[in-house]
Structures are given as C-alpha cells and as structure tokens.
Amino acid sequence: MSKGLTKRSEDYSAWYNELVEKADLAQHSAVKGCMVIKPYGYAIWEKMQRALDDMFKATGHVNAYFPLFVPKSFLEKEEEHAEGFAKECAVVTHYRLKGNPDGKGLVVDPAAKLSEELIIRPTSETVIWNTYKGWIQSYRDLPLLINQWCNVVRWEMRTRIFLRTAEFLWQEGHTAHSTEQEAVEETERMLGVYADFAEQWMAVPVVKGTKTPNERFAGAEDTLCIEGLMQDGKALQCGTSHFLGQNFARSFDVKFVNKEGQLEYAWATSWGVSTRLMGALIMAHSDDNGLVLPPKLAPIQVVIVPIYRDEQGLAAISERVAPIVEALKAKGISVKYDNDDKFKPGYKFAEYELKGVPVRLGLGMRDLENGTVEVARRDTLTKESTSLDGIVDFVANLLDEIQANIFQKALKFREENTFEVDTWEEFKEQIEKGGFVSAHWDGTGETEEKIKELTKATIRCIPFDSIEEEGKCVYSGEKSGKRVLFAKAY
RNA sequence: CGGGGCGUGGCUCAGCUUGGUAGAGCGCUCGGUUUGGGACCGAGAGGUCGCAAGUUCGAAUCUUGCCGCCCCGACCA
C-alpha cells in the first residue's frame, strides 16, 4: 500500500512534498517560489472560502476588490508597516516591453519607466485606507466592514508549497470603526470566527492568543492569532487578526465627525487567512497512506466503487447504485460513482485513500445478492459490511462521526504534545523534541530573542486562557505572571 | 546570499567515467483477456538530451559560460 509515499517517520518534509504532489493538490510552477493549485486542491480551497465567506457575511461583512498595485508612496506612509514589508516586495518599474534591438526576444523599454514605482501588494492596508479616506466623513459611515479575496506577493527567500509561497491566495478583512472598543471587539470577533472555522470545518484544534510585540504585524497595536500544532511537533500560525488602532487613519488622514461634532481618527482592524490553511489541513490529519480530509471540506465525501466481472455485472450494480447516489446528493453529500472501467478496484481504493476521500462504498455481486455494501472509512482505515437499506442515513451519520473523530484525534495529539516546563534545561530538551512548550517568560523582547537564538523556538502566543500564576522566567529567572506558549514554527 | 542536488519522451530515471544507431519502467493509443486492495498479453505513438559557444571527422557524453528549478541554512505569515 501507499506505494511511493515516504513515511512521516522517515522524512516528514519529503512526506509532505510528495503528498501535495501525489494527491493532486498542487505542484511547483515554472516560476520560482510559486505554485500551481490543481483542481482537486483548489476544490478544497473553494470549500474553505465558501464556509469562511458565509461566516464573514453572517457577521455583517461585505466583499469588495482593491487593486493589485500599491504606489510606493502609499506603502511608505505608515512607517512601521513600511519597514516590516520593505524586504519582501516585488516592484514594478516599467509598463512596456519592446523588441530587442540586438536580436531576438523582448527587452524592457527604458522609455517606459514609471514615474512612481508600483509595489505588488504584500497586503492592502495602505490602498484600502487611502480609499477609505473618501468613504468616511461621519460616524454614520461607520462601521465599515469590508473583506476582499485576492492574491498577494511576499518575496520570500525560502518557500514551501502552501506554507510559504511567493504568491498566495487569501482574504483580508479591513474594517473601520468609530470607537476603540468597537475595533477591539471586531478584532476579537474575527479571531473567534477563524478559531471556529479551524475547529469545526478543518477539525484542527487551535490555541487563541496574543502575539508578543516582536511577532506583531507591522503597523498593528495588537495582533491576535490562532496557532495549530502539526504532527511533527511544529506550530503553524493559522490566522491572524489585528487591532490597528488609529495608525492607518492617521497615516492616511481618515477622520470622521462624531456625535459631538468633533473630528476623530477612525479605528481600524485587519484580519486574514490564506492558502497556508491548506498546509495546516494536510499536516494535521494525513497519514502514511495519504491525505485525510475532514468531511466538511472534502471535495468528494463519498466514493462508490463497483466491483464486477462483466458489463452485465456493472449494469446491475449501476442500477442499484443510482438511487443511492441521488439520495445522498439530496442530503447535500457530494458523492462520486466511479464506474471507470480503466482501473481495477484495488487501484481505485489506493487512489481515493491517497486523496483523502472520507468514506468509500464498495459494491459487488455478492453485495447485490446479500443486500449489503462494504463501507470503508479513511480516518481509521477500517472496513465493515452493512445493509444497503438505510445506507444513506448510515453514511450521513458516519461523515459526522469522522468529522468529530479526526478533530478529537488532533486534539488528543495536541494535548499529549503540550508541556509545562519550569527549568531552562527541561525547556531546551523539550523544544528539541517538539510540541507546544508552556513556560514562564519575563516579558522582554531581549529574552525572547535570546531564546530564539539558542533554541530556534519562538513565542507562538500568549494564550487567552493562560491563568494568572506566580512564576519565574524559564530563561532569565525574572518574575512572570503567566505562562506563554513556545514552539518551533513553520 | 552561502552550501548541496538536479535538468535526457507526459512522469521517474539509466546512459556521461572511457565521444560513434537515444534507452528502461510507468503513463498514453489500439486490440484482447481481466476486475472484493495499485491486473496481464500483444501491437504502436511520442525526445531540438536546459541554453549558448568551443574541442572533434563525430558531443547527451569532454571544456567554458549562462539559465532554471528543488532541498538545507540565514530571513519571514
């Protein structure tokens, strides 16, 4: 089984790369650091988008679209923001090519130099706040709750498919509010949306928390995040939500008249999740046989494989399967009846396992005679024979059960790989082994840097549910009021 | 930017040391037998050997230069 897929225990990194490719999720493109998301992978992303988009709408947001290009002068306006992104910007300097006067091909036309360089958006705060200036005059224009789905470019030195690519897809929410409290509440609300999505749809348990100043978004007053733990013991930031204060309003001069008739700067938030979630999904659940998808995000939830000897046999099975397919579809379950004669059942079994289809039904002549069907679940790799009567409800329940089971499995993994540590020796040892390490920290950036330098571990977040307790910093021994979460991260 | 690897049919790779008809497996097309955990037989199609220059009677193979991608590090979501 699982021919050609490296085992996780042998080389986790190779396993991941091969899985992405073999399960038809994505492939490397001809362009360095970029990926082609293939139809099967994109179908998962579309399901993520749909669920998230519904959640955004349900919380009062609307979609819009802002340009790909950011004038350099915009990016410069918020100083910290500019500094944070300067190192990874793709820059457009010209708007025309021409035939090479010295031979074949095309060259940049020096006559077509832009008077101002355009940056390919690494994020859109600046373009959007430049636009908001014209939209916001009164407190009656607020709150402004806008989201956009788009691509962004961050020129990373080292890339990894889905986890860190030069170009990626995401959504970015940008809201404007009349009070600080409202903006803070929005920041928290959207982090909650992300956490619910991660846990209920992706079946990935996440820790909600606050980033340290060092890890904070460039230009934000406060960055909240959800952090997941992958099977190799490394953490993955799955989403962020920023309270931007009045920083961008000030930089772009976005003022509104409040109820008292006074001019005030608007309060801002921004929040985003990206195709990186695909990486989280893969690394959280999948095994040495391939992808394991939560039913709620699986493009194909149920596959039905006929097992037959001749055309009459196939026809008989197809006839019996047709109403089942209809009934499953009527319940909103996506089902594929694979009657492709090109492949044998064994091949199909392996293929759908690799692709993470949650439930497989095998139906052969014996089953037709006995009124049974073989049900195989991807999460446990178990098979059982059950009655064809009531198979639709059986499958519907099973999908719910699988969704719950893989979440529980991931939760158990996280719990078993979260460690409270109180001494430096223990800390170093545990970080080396992997997992979340909950430890006291003196709250200084210097200590944080030092720990990172010595162990490669970063503070993933200060968890919301971290309890107040007297302690000593695991590195400096200084006083600390609560534990924070350390880990090596992607 | 440093270190390593790779570039030969759609895919994975062999061939290069020692220059001389461009190969295998998988996939693809056609025909037949098969079908409860990655079937088999037969016949076929498909390649400017990353690019350029050089050496040579002759270069996938030797020399030089260039380009691209992947992996590991520094940096970062």
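Per chain, numbering begins at 1; letters A, B, ... match sequence-line order.
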Asks: May I ask you to say what Lys211(A) touches in the nucleic acid, namely base, sugar-phosphate or nothing, with a heavy-atom cut-off under 4.0 Å?
Replies: nothing
Asks: Look at the side chain of Arg154(A) and decide which nucleotide, out of A74(B), A77(B), C76(B), has an atom nearest to it.
Replies: A77(B)
Asks: Within a 6.0 Å radius of atom CD on Gln27(A), are there more than 12 heavy atoms belonging to other residues, nucleotides or ligands?
Replies: yes
Asks: With ring centroids as reference points, do Phe427(A) and Phe486(A) lie under 6.0 angstrom apart?
Replies: yes
Asks: Using a strict cut-off of less than 4.0 Å between a Lys/Arg side-chain nitrogen and an Asp/Glu carboxylate oxygen, indicate whether Lys7(A) and Asp288(A) qualify as a salt bridge.
Replies: no
Asks: Counting only Watson-Crick or G-U wobble pairs whose two distances fall under 3.5 Å, which nucleotide matches C13(B)?
Replies: G23(B)
Asks: Taking only side-chain nitrogens and oxygens of Ser13(A), does any of them come within less than 4.0 Å of OP1 or OP2 of C72(B)?
Replies: yes
Asks: Could you tell me which nucleotide pairs with U56(B) by Watson-Crick or G-U wobble geometry, both distances under 3.5 Å, or answer none if nothing does?
Replies: none
Asks: Between Arg160(A) (CZ) and A77(B) (P), how many Å, whole number?
Replies: 17 Å
Asks: So if I take every side-chain heavy atom of Met157(A) and compare against A74(B), U35(B), G37(B), which nucleotide ends up nearest?
Replies: A74(B)
Asks: Rounding to an integer number of angstrom, what distance separates G58(B) and G19(B) when you compare their C1' atoms?
Replies: 8 Å
Asks: As a test of reading the structure: which of C70(B), G37(B), U35(B) is closest to the side chain of Asp341(A), going by heavy atoms?
Replies: U35(B)
Asks: Is the phosphate of C72(B), meaning OP1 or OP2, less than 4.0 Å from a side-chain N or O of Arg158(A)?
Replies: yes
Asks: Syn or anti: how is U35(B) classified when any glycosidic angle within 90° of 0 counts as syn?
Replies: anti
Asks: Go nucleotide by nucleotide along RNA chain B from the 5' end; which of Ile161(A) and Arg276(A) gets its closest nucleotide reached first?
Replies: Ile161(A)
Asks: Have a look at Leu163(A) and say if it touches a base, only the backbone sugar-phosphate, or nothing, with a 4.0 Å heavy-atom cut-off.
Replies: base
Asks: Quantified in whole Å, what is the C1' atom distance between nucleotide U12(B) and nucleotide C28(B)?
Replies: 16 Å
Asks: Report yes if a side-chain nitrogen or oxygen of Lys452(A) is closer than 4.0 Å to either non-bridging phosphate oxygen (OP1 or OP2) of C76(B); otherwise report no.
Replies: yes
Asks: Tell me what Thr223(A) touches on the nucleic acid: a base, only sugar-phosphate, or nothing, going by heavy atoms under 4.0 Å.
Replies: nothing
Asks: Could you tell me which nucleotide pairs with C51(B) by Watson-Crick or G-U wobble geometry, both distances under 3.5 Å, or answer none if nothing does?
Replies: G65(B)
Asks: Determine the Euclidean distance between corresponding P atoms of A74(B) and G36(B); express it in Å to zero decimal places.
Replies: 50 Å
Asks: Fit a plane to each ring of Phe252(A) and Phe248(A), take the angle between them on a 0 to 90° scale, and name the class: parallel (under 30°), tilted (30 to 60°) or perpendicular (over 60°).
Replies: parallel
Asks: Counting any heavy atom closer than 4.0 Å, what does Phe217(A) reach on the DNA or RNA strands: base, sugar-phosphate only, or nothing?
Replies: nothing
Asks: Once you round it to whole Å, what is the distance between P of G10(B) and CD of Gln27(A)?
Replies: 14 Å
Asks: For the residue pair Tyr337(A) and Ile324(A), establish whether any side-chain heavy-atom pair is separated by less than 4.5 Å.
Replies: no
Asks: Check whether Ser241(A) reaches the backbone of Trp271(A) with its side chain - one donor and one acceptor, N or O, closer than 3.5 Å.
Replies: no
Asks: Between G38(B) atom C1' and Lys355(A) atom NZ, what is the distance in whole Å?
Replies: 15 Å
Asks: Can you tell me how far P of G37(B) sits from CG of Asp288(A), to the nearest Å?
Replies: 21 Å
Asks: Check whether any side-chain nitrogen or oxygen of Lys344(A) sits under 4.0 Å from OP1 or OP2 of G36(B), and answer yes or no.
Replies: yes
Asks: Checking the side chain of Gln171(A) only, and the main-chain atoms of Ser274(A) only, is there a donor and an acceptor separated by less than 3.5 Å?
Replies: no
Asks: Mind checking if Arg360(A) touches a base, just sugar-phosphate, or nothing, with heavy atoms under 4.0 Å?
Replies: base
Asks: Considering only G36(B), G37(B), C70(B), which nucleotide approaches the side chain of His28(A) most closely?
Replies: C70(B)
Asks: Taking CG from Asn339(A) and C1' from G36(B), how many angstroms apart are they, rounded to a whole number?
Replies: 17 Å
Asks: Taking the nucleotide of RNA chain B with the closest heavy atom to each, which residue, Lys456(A) or Phe343(A), is nearer the 5' end?
Replies: Phe343(A)
Asks: Expressed in angstrom and rounded to an integer, what is the separation of Lys342(A) atom NZ from C30(B) atom C1'?
Replies: 14 Å
Asks: Hey, does Gly279(A) reach any base, or is it just sugar-phosphate, or nothing, if we go heavy atoms under 4.0 Å?
Replies: nothing
Asks: G38(B) P sits how many Å from Asp340(A) CG, rounded?
Replies: 17 Å
Asks: When you get a sec, tell me which of C76(B), C71(B), U35(B) is the closest nucleotide to the side chain of Pro345(A)?
Replies: U35(B)
Asks: My understanding is that a pair needs two contacts under 3.5 Å, Watson-Crick or G-U wobble. By that rule, which nucleotide pairs with U29(B)?
Replies: A43(B)
Asks: When rounded to the nearest Å, what value does the distance between P atoms of U29(B) and U17(B) take?
Replies: 38 Å
Asks: At less than 3.5 Å, do the side-chain atoms of Arg309(A) and the base atoms of G36(B) form a donor-acceptor pair?
Replies: no
Asks: Does Arg164(A) make a side-chain donor-acceptor contact with the base of C76(B), cut-off 3.5 Å?
Replies: yes
Asks: Say we look at G27(B) and C11(B): how far apart would their P atoms be, to the nearest angstrom?
Replies: 15 Å
Asks: How about Glu46(A): does its CD atom have over 12 heavy atoms from other parts shown lying under 6.0 Å from it?
Replies: yes
Asks: Quick one: look up who C1(B) pairs with, Watson-Crick or G-U, both distances under 3.5 Å, and put none if it's unpaired.
Replies: G73(B)
Asks: For a quick check of understanding: with a heavy-atom distance under 4.0 Å over all strands, which category does Glu156(A) fall into, base, sugar-phosphate or nothing?
Replies: base
Asks: Determine the Euclidean distance between corresponding C1' atoms of A53(B) and C71(B); express it in Å to zero decimal places.
Replies: 31 Å
Asks: Taking only the side-chain heavy atoms of Tyr347(A) (C-beta and beyond), determine which of G36(B), G38(B), A77(B) contains the nearest atom.
Replies: G38(B)
Asks: Could you give the distance separating G5(B) and A59(B) at their C1' atoms, to the nearest angstrom?
Replies: 24 Å
Asks: In this structure, how many angstroms lie between the P atom of A77(B) and the NZ atom of Lys488(A), rounded?
Replies: 19 Å
Asks: Is any side-chain heavy atom of Ile226(A) less than 4.5 Å from a side-chain heavy atom of Val207(A)?
Replies: no
Asks: Suppose you measure atom C1' in C69(B) against the same atom in G50(B); what distance do you get, rounded to whole Å?
Replies: 10 Å
